[in-house]
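Values below: every heavy atom of this structure, side chains too, minus hydrogens, waters and symmetry copies.
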Amino acid sequence: MSLVKHAVIAAAGLGSRLGLGRPKCLLEINGVTLLERQLNLLRDVPDVRIVVGFEADDVMRAARKIRPDAIFVRNAAFRSTTTLVSYAMGAAGLAEPCLFMDADIVFSEESFQDFLNACGESGLLIAITPAKTLDAVYVHLDTQHRITKFSRTERSEWEWANMCWLPPRFCETGAGAVFERLSSELPLAAKSIISFEIDTPEDHKHALEHCEFL
């Protein structure tokens, strides 16, 4: 049984690279938005927090249809802050570890649940997935399947999947991207998952062509 009691979804960004003119989490695939898919996966997590910014009202309206009890946190500085800041804002006040995830990802339900079930085994657990996106943050592993390096330039068969299990105040320190903050804690336990991040039209096309669970 999953020990995950809290989850923060970062959904504040502009989504400009995808070019929809609306938040990426509201992208529909086969009639279901990315946000709906994630909230359905989190149905057994009692405390779900969504950090909103760009087109916040639309995101909150869509989320309430699935999770009327979701807590919304507004990141008014979403145009100038990173996901690390949204994660910190979403977890404010928590005393227990928390699942953090970006809102522009589709996950295989089976591998997502496997990740949740593994969260209680480690103080920090980082999701990785086979490298496939145009703007990947590559992950390098040691023989114990621990992350030893993140890199945007040194290719690897794995990339950071933008989901992690962390102490609640972990994101309050550091600066820059989430993976840069994680880099200060290496080596880190990793767990592979099946997921597709949709940042660009090319990522969207790749997901439609290769994602068997959509």
Whether R181 side chain and T173 backbone form a donor-acceptor pair below 3.5 Å
yes

Not counting sequence neighbours, list each pair that qualifies as a salt bridge (Lys or Arg N to Asp or Glu O under 4.0 Å) and has a residue in residues 20-37.
K24-D104, K24-D199

Under a single-linkage definition using a 4.5 Å side-chain heavy-atom cutoff for Ile, Leu, Val, Met, Phe, Trp and Tyr, are I105 and L214 assigned to the same hydrophobic cluster?
no

Nearest 0.5 Å, what's the CG-SG distance between L166 and C171?
5.5 Å

On a heavy-atom basis, which atom in R74 and which in A56 lie closest, and how many Å separate them?
NH1-CB, 3.4 Å

Are V52 and D57 packed together at the side-chain level, in the sense that at least one heavy-atom pair is separated by less than 4.5 angstrom?
no

Hydrophobic cluster identity match, I198 and L14, side-chain contacts under 4.5 Å
no

Under 4.0 Å between a side-chain nitrogen and a carboxylate oxygen: does that hold for E96 and K5?
no

Salt-bridged, E109 to R43, with N to O below 4.0 Å?
yes

M163 side chain reached by F100 side chain, heavy atoms, under 4.5 Å
no

Quick one, R169 with E172, criterion salt bridge (Lys or Arg N to Asp or Glu O under 4.0 Å). Give me CA distance, side-chain angles, the key distance, then yes/no.
CA-CA 5 Å; R169 303 188 66 178; E172 293 181 2; 2.9 Å; yes

Check: E55 and L26 side chains under 4.5 Å, non-hydrogen atoms:
no

Do side-chain atoms of K191 reach the backbone of A189 as a donor and acceptor pair under 3.5 angstrom?
no

Residue pair S86 / N75, side-chain donor-acceptor N/O under 3.5 Å
yes

Is there a donor-acceptor pair under 3.5 Å between the side chain of H140 and the backbone N or O of E154?
yes

Within a radius of less than 6.0 Å around CD of E110, do more than 12 heavy atoms belonging to other residues, nucleotides or ligands occur?
no

How long is the span from the CD1 atom in I193 to the OG atom in S111, to the nearest 0.5 Å?
5.5 Å

Looking at CG of L41 and CZ of F115, how far apart are the two atoms once the value is rounded to the nearest 0.5 Å?
13.0 Å

Using a 3.5 Å distance criterion without hydrogens, assess whether the side chain of K132 forms a donor-acceptor pair with backbone atoms of S195.
yes

Would M101 end up clustered with V45 when hydrophobic side chains under 4.5 Å apart are linked, directly or stepwise?
yes

Do side-chain atoms of R49 reach the backbone of A10 as a donor and acceptor pair under 3.5 angstrom?
no

Test item: V178 and T82 side chains (from C-beta on) under 4.5 Å apart, heavy atoms
no

Within the supplied structure, the quantity of interest is the number of heavy atoms (other residues, nucleotides, ligands) at a distance under 6.0 Å from K65 NZ; does it exceed 12?
no

Side chain to side chain contact (heavy atoms under 4.5 Å, CB included) partners for T133, two or more places apart:
A136, E159, E197, D203

Check whether NZ of the Lys or CZ of the Arg R152 lies under 6.0 Å from the centre of the six-membered ring of Y138 and within 45 degrees of that ring's axis.
no

Report yes or no: do I126 and L84 belong to one cluster of Ile/Leu/Val/Met/Phe/Trp/Tyr joined by side chain heavy-atom distances under 4.5 Å?
yes

Just by modelled atom types, is the L125 backbone N or O under 3.5 Å from a matching donor or acceptor in the W165 side chain?
no

Parallel, tilted or perpendicular: which fits the ring planes of F78 and F54, with parallel below 30° and perpendicular above 60°?
tilted

With the 4.5 Å side-chain cut-off for hydrophobic clustering, are Y87 and I147 part of the same group?
yes

Starting at CG of D58, measure out to OG1 of T33 and round the result to the nearest 0.5 Å.
11.5 Å

